[in-house]
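Chain letters run A, B, ... following the sequence lines, proteins first, then strands; residues in each count from 1. Every heavy atom of this structure was used, including side-chain atoms; hydrogens, water molecules and symmetry mates were not.
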2 protein chains.
Amino acid sequence: MAEKKLTNDNVEICDCADVHENLVHLVEETMPEETELYDLAELFKVFGDSTRIRILFVLFEAEVCVYDLAEALNMTQSAISHQLKILKQSRLIKGRREGKHIFYSLADDHVRSIIAEGREHIEED
Amino acid sequence: MAEKKLTNDNVEICDCADVHENLVHLVEETMPEETELYDLAELFKVFGDSTRIRILFVLFEAEVCVYDLAEALNMTQSAISHQLKILKQSRLIKGRREGKHIFYSLADDHVRSIIAEGREHIEED
DNA sequence: ATTACTTATGAGCACTTGTTCATATGTTGA
DNA sequence: TCAACATATGAACAAGTGCTCATAAGTAAT
């Protein structure tokens, strides 16, 4: 494939061997939809806060109400409640009402898998 | 186990059945170190941006230099370079110099696994 | 109905983050 | 050495985030 050169302006041109058009096509073919990319980023953003990570680790072990979460993590009820809302919106956890309490638990096992993969990465070498 | 009641002040007390002390102990036993929690959150924070996600999807397919990444994603060289630095610091990608170019590629397969797990989660139901 | 308890939520604030712009650093070839 | 290209980086700014505080909403028991 020919090198890509523009003659009339100052655009900088990188002529990495034959990569340009091929790459653009490859990207167009394999890159997920914009909305999926956005959703993926939003999901990982939820994991990207140590308070939420700590909440998830508690829920790995037990179904827990808001007040107990706050006590176990030594944080205010309000702070925990705000974070639970975010976790719930991402369908990572679910709440079950029982009288005055709402018990939270993991929504499914993806949470465990994702965190396990993350731990593997940071624990190597 | 007895309910927990304080008599002298207004502290609100949740008496979820027998959970308190057990939960605190459980958390102390199973919760990872503070530094690991922090590192985990930092790692997921890196995945929590759609520009970085897009960069990773390109690198799933090929080893690419900065300029081509910028072109493929229709972003400035500077923006891409800043993000590459973050990805490199998290050891998700690595760079290989070849003349004037620096070709970036995935550091290992954890990236693929983590993103695959994320996609599974958002694609269900 | 009133009180006490549990959870949710809105506003405000300090802090973080991603991009742009300008510029520096590094590499190659003439 | 100089010019051109490729990449990295610091400052600045807008936008987003997590906590606190005050308060609302929901539930149960008296």
Side-chain angles (χ1 to χ4, degrees), chain A residues 3-7 9-17 19-20 37-38 41-42 44-55 64-71 73-90 93-104, chain B residues 3-7 9-17 19-20 37-38 41-42 44-55 64-71 73-90 93-104:
Chain A
E3 287 185 355
K4 203 164 149 195
K5 287 289 177 188
L6 298 185
T7 52
D9 50 24
N10 292 341
V11 176
E12 295 179 7
I13 292 302
C14 160
D15 44 67
C16 312
V19 179
H20 290 288
L37 293 170
Y38 181 82
E42 287 303 304
F44 286 121
K45 224 173 273 184
V46 174
F47 287 95
D49 174 77
S50 60
T51 295
R52 289 190 291 266
I53 292 272
R54 294 201 302 153
I55 291 175
V64 184
C65 71
V66 179
Y67 187 89
D68 281 357
L69 270 170
E71 182 177 280
L73 300 181
N74 195 32
M75 295 188 64
T76 68
Q77 174 268 318
S78 180
I80 295 294
S81 201
H82 278 296
Q83 300 306 340
L84 287 174
K85 182 177 188 175
I86 294 172
L87 289 165
K88 204 165 32 176
Q89 281 172 341
S90 304
I93 66 174
K94 60 187 182 220
R96 173 181 66 83
R97 174 139 235 152
E98 186 178 317
K100 285 187 291 189
H101 298 96
I102 298 179
F103 290 94
Y104 283 95
Chain B
E3 287 185 355
K4 204 163 145 195
K5 287 288 178 190
L6 299 185
T7 52
D9 51 22
N10 292 341
V11 176
E12 294 180 9
I13 292 302
C14 158
D15 44 69
C16 311
V19 178
H20 288 290
L37 293 171
Y38 181 81
E42 288 303 304
F44 287 121
K45 225 172 272 184
V46 174
F47 287 95
D49 175 76
S50 59
T51 295
R52 290 191 289 268
I53 293 270
R54 295 200 302 154
I55 291 175
V64 184
C65 71
V66 179
Y67 186 90
D68 281 356
L69 270 170
E71 183 177 277
L73 300 181
N74 195 32
M75 295 189 65
T76 68
Q77 173 269 317
S78 180
I80 295 293
S81 202
H82 278 296
Q83 300 304 341
L84 288 174
K85 183 176 189 176
I86 293 173
L87 289 164
K88 204 164 33 175
Q89 281 172 341
S90 305
I93 66 173
K94 60 188 182 219
R96 173 181 66 83
R97 173 141 235 151
E98 187 178 316
K100 286 187 290 191
H101 298 95
I102 298 179
F103 289 95
Y104 284 94

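- Distance from the side chain of A:Ser78 is smallest to D:dA22 among C:dT20, D:dA22, D:dT7.
- Rounded to whole angstrom, the span from the CD atom of A:Glu98 across to the P atom of D:dA28 amounts to 10 Å.
- Contact annotation: A:Tyr104 reaches the phosphate of C:dA8 (side-chain N/O to OP1 or OP2, under 4.0 Å).
- Checking the phosphate oxygens (OP1, OP2) of C:dT20, a side-chain nitrogen or oxygen of B:Thr76 falls inside 4.0 Å.
- Regarding contacts with the backbone of C:dT9, a side-chain N or O of A:Lys85 is found under 4.0 angstrom from either OP1 or OP2.
- Using a 4.5 Å cut-off on side-chain heavy atoms (C-beta onward), B:Arg54 and B:Met75 make contact.
- Comparing A:Gln77 and B:Lys88 by the nucleotide of DNA chain D that holds the closest heavy atom to each, the one mapping nearer the 5' end is B:Lys88.
- Using a 4.5 Å heavy-atom threshold, the side chains of B:Ile86 and B:Asp49 count as separate.
- For the side chain to side chain donor-acceptor pair (under 3.5 Å) with A:Tyr104, the lone residue among A:Lys94, A:Arg96, A:Lys88 that qualifies is A:Lys88.
- Once rounded to the nearest 0.5 Å, the distance linking CG of B:Leu73 with CD1 of B:Ile55 reads 6.5 Å.
- Whole-Å rounding puts the A:Gln89 CD to D:dG18 C1' distance at 14 Å.
- Protein atom NZ of A:Lys100 is 7 Å distant from nucleotide atom P of C:dC5, rounded to whole Å.
- Between A:Phe44 and B:Phe44, the ring planes are parallel. Angles under 30° get that label, and only those over 60° would be called perpendicular.
- If you find the closest nucleotide of DNA chain D to A:Ala79 and to A:Arg97, the one lying nearer the 5' end belongs to A:Ala79.
- In this entry the distance linking CD1 of B:Ile80 with C1' of C:dG18 reads 12 Å, nearest Å.
- Between A:Ile102 atom CD1 and C:dC5 atom P the separation is 18 Å, expressed in whole Å.
- Spacing between atom CZ of B:Phe103 and atom C1' of D:dC5 amounts to 14 Å, rounded to whole angstrom units.
- Evaluation of A:His82 against the base of D:dC19 yields no stacking contact (centre distance < 5.5 Å, interplanar angle < 30° required).
- As a whole-Å value, the separation of B:Met75 CE from C:dT19 C1' is 7 Å.
- A close approach under 4.0 Å does not occur between any side-chain nitrogen or oxygen of B:Tyr67 and OP1 or OP2 of D:dA4.
- The CG-P distance, from B:Asp49 to D:dT17, rounds to 11 Å in whole Å.
- Taking side-chain N and O atoms only, B:Gln83 has no distance below 4.0 Å to OP1 or OP2 of C:dT17.
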